Asks: 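A single structure is presented below for examination.
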Amino acid sequence: MPSTFTVFFEDPYWVGVLEIAGPDGVRVRAARPYRPNPKRLARAAAREQAARPLSTAAQEALARSFAQAKTENRAAAKRRRAAEDERRRSRAREKAKARHWGR
């Protein structure tokens with residue numbers, strides 16, 4: 001199955017055309033490059049420049065340790081909340097059973 005790939009300039013893009021010759025005829029597919037939104041690119045560049053880079057290895061190590069402590073604290077808080085919820089549910093079940101004790 002012979003095929004050819006042609007690249008040409010169609011202002012403002014370089015366009016690639018793939019032609020595949022087969023038993024059922026010639027198939028053609030043109031590929032145009034993705035052109036991102038220039039305003040979105042400018043906003044992203046401004047955000048990156050506005051973000052203050054950490055200047056020393058010590059500051060980066062501190063930031064990593066703070067982030068790790070944050071995730072550990074969140075996990076511990078989640079476990080505490082789950083234990084407290086379980087305690088409340090079991091206490092409520094005990095009270096409900098106590099109300100029906102005389103039946």
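No experiment lies behind these values; they were computed from the predicted model shown.
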Asks: Mind checking the CD-CZ spacing from E84 to R89? Nearest 0.5 Å is all I need.
Replies: 10.5 Å

Asks: Could you work out, with side-chain hydrogen bond (donor to acceptor under 3.5 Å, both in side chains) as the rule, every residue matching E94, not counting sequence neighbours?
Replies: none

Asks: State the CG-OG1 distance between L18 and T4, to the nearest 0.5 angstrom.
Replies: 7.0 Å

Asks: Can you confirm whether F66 is buried at CZ, in the sense that more than 12 heavy atoms of other residues, nucleotides or ligands lie under 6.0 Å from that atom?
Replies: no

Asks: Give the table of side-chain donor-acceptor pairs shorter than 3.5 Å for residues 69-82, with sequence neighbours excluded, one pair per line with atom names and distance.
Replies:
| unit_1 | atom_1 | unit_2 | atom_2 | d |
| --- | --- | --- | --- | --- |
| T71 | OG1 | Q68 | O | 2.7 |
| E72 | OE2 | Q68 | NE2 | 3.3 |
| N73 | ND2 | A69 | O | 3.3 |

